[in-house]
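So the structure is just underneath, and the comments pick up after that.
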Amino acid sequence: MADNPTVEFALRMGDNCLVLGQNVSAWCGHAPVLEEDIALANVALDLIGQTRMWLGLAGELEGKGRSADDLAFLRDVREFRNCLLVEQPNSDFGQTLMRQFLFDAWHHPMLKMLSGAADARVAEIAEKSVKEAAYHLDRSTDLIIRLGDGSDESHHRMQGALDRLWRYSGELMAADAIDEAVVGPGLGDIEAQYKDYTSKVFGEATLTIPEAAFMQKGGKVGLHTEALGHMLADMQFLQRSYPGAQW
Amino acid sequence: MAALATHLSIKEIWSWLEDVPDPEIPVISVVELGIVRDVSLDGAAIVVTVTPTYSGCPATAVIAMDIEQAIRKHGIDEVRIETQLSPAWTTDWITESAREKLNAYGIAPPEKGAACAGALRTRTRIKCPLCGSANTECISQFGSTPCKAHYRCKDCLEPFDYFKSF
Ligand SMILES: [Zn+2]
């Protein structure tokens, strides 16, 4: 673990964006309707843009001369600091969307709070990203409600996705000393906002939050599920096989 | 030629940048778009400070290159483009002249003062740039480029782009 908590924190934020952005981008050309294809590609693009800012900051503060690209393409799975939620596979459109919503509902208030962070470099990345996250949350909220409270088939798929993914939502809010050092004392507010917002939206979507409350975690300290290794093997293949390749 | 920069006025350099079109919406310039935040001289070098529209916008790199070329074209060798994140770009910085040009080009200009950070799940009535009707609907908040949403006019039935407030 890096000595500077901001390095570790920027890796967490950046890796969340990178892993989710890479997963979402795989939908390009495969989405159920054209508008969603475009929306997914745009969301992925925003997330990759945010990745460059966070990993750029992490590399700079770390002081070992590693660029955002070096961090994205040349670290192994145990060095990734994203939460488990974002590495869960795309599966069907319902699961992709549920993963997005569970992330956006945390990402937006988190960035809003970080816009006032003591570290100006963290604050300016958050200030830039929060506006994009607002549109992401707007879209995922809208679709969760429409598909949850939709046909029998769409309701069934959204409930199934919520049952599978809810257990990964707790890690987003499980703060440790690193989060506290960078974000400050307001972290509890984010958890309260998250619970409030998600239960309101799931109520409108006629979806039920699973009762079994055991929350999986580990991603933030580098303990990942199998899915991340598969994703990285694909994403990092070119740089691993042809080091330094450019286009 | 490098010494030339010192004889220039900052105003003159701004006027060159007014001729640099946005690569995705060529009817407006990068200055009208509000992304050029500062022009200054650092010795013999011209420093242009630019702020990105969306963090992943593919046009950002093209814009930096276009600005550099536009200045080099006037015989300046030393040009530096610096990126500034804060204050974050907002569509409120798009000039009045650009709003009219966007509308004439078929893109509904952004609502003012509606920058989105707190305005979730609201849908304002956007005027159709083709027939002027306000009887329109949002198809998707995500359109052909990161900065645009996809709308449809319920009167003339044409689809159109809305430059969403940001
Ligand atoms: Zn019309």
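A note on names: the letters A, B, ... follow the listed sequences, proteins ahead of strands, and every chain is numbered from 1.
Closest heavy-atom contact between S86(B) and E127(A): OG-OE1, 2.7 Å. The two residues G143(B) and N42(A) have their closest heavy-atom pair at O-ND2, 3.0 Å. The shortest non-hydrogen separation linking F142(B) to R139(A) is CE1-CD, 3.6 Å.
Only the backbone of T53(B) comes within less than 4.5 Å of a heavy atom in chain A; its side chain stays farther off. Of the atoms belonging to T145(B), it is backbone heavy atoms, and not side-chain ones, that fall under 4.5 Å from chain A. Proximity to chain B (any heavy atom under 4.5 Å) is shown, for L45(A), by both the backbone and the side chain.
For a heavy-atom cut-off of 4.5 Å, chain B lies close to E35(A), I38(A), A39(A) in residues 21-41 of chain A.
Ring geometry, Y135(A) versus F166(B): the interplanar angle falls under 30°, so the pair is classed parallel (tilted spans 30 to 60°).
Counted within 6.0 Å of CZ on R99(B), heavy atoms from surrounding residues, nucleotides or ligands total more than 12; the atom is thus considered enclosed. Surrounding CZ of R146(A) are at most 12 heavy atoms belonging to other residues, nucleotides or ligands under 6.0 Å away. Within a 6.0 Å sphere centred on NZ of K200(A), heavy atoms belonging to other residues, nucleotides or ligands number 12 at most.
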* Kindly indicate, with the supporting measurements, whether the criterion side-chain contact (heavy atoms from CB on, under 4.5 Å) is fulfilled by E132(A) and S55(B). => CA-CA 8 Å; E132(A) 293 163 6; S55(B) 59; 2.8 Å; yes

* Under the side-chain contact (heavy atoms from CB on, under 4.5 Å) rule, what do D142(A) and Q141(B) come out as? Steps first, then yes or no, please. => CA-CA 11 Å; D142(A) 185 46; Q141(B) 292 278 34; over 6 Å; no

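The closest donor-acceptor contact from the side chain of K128(A) to the backbone of P52(B) lies under 3.5 Å.
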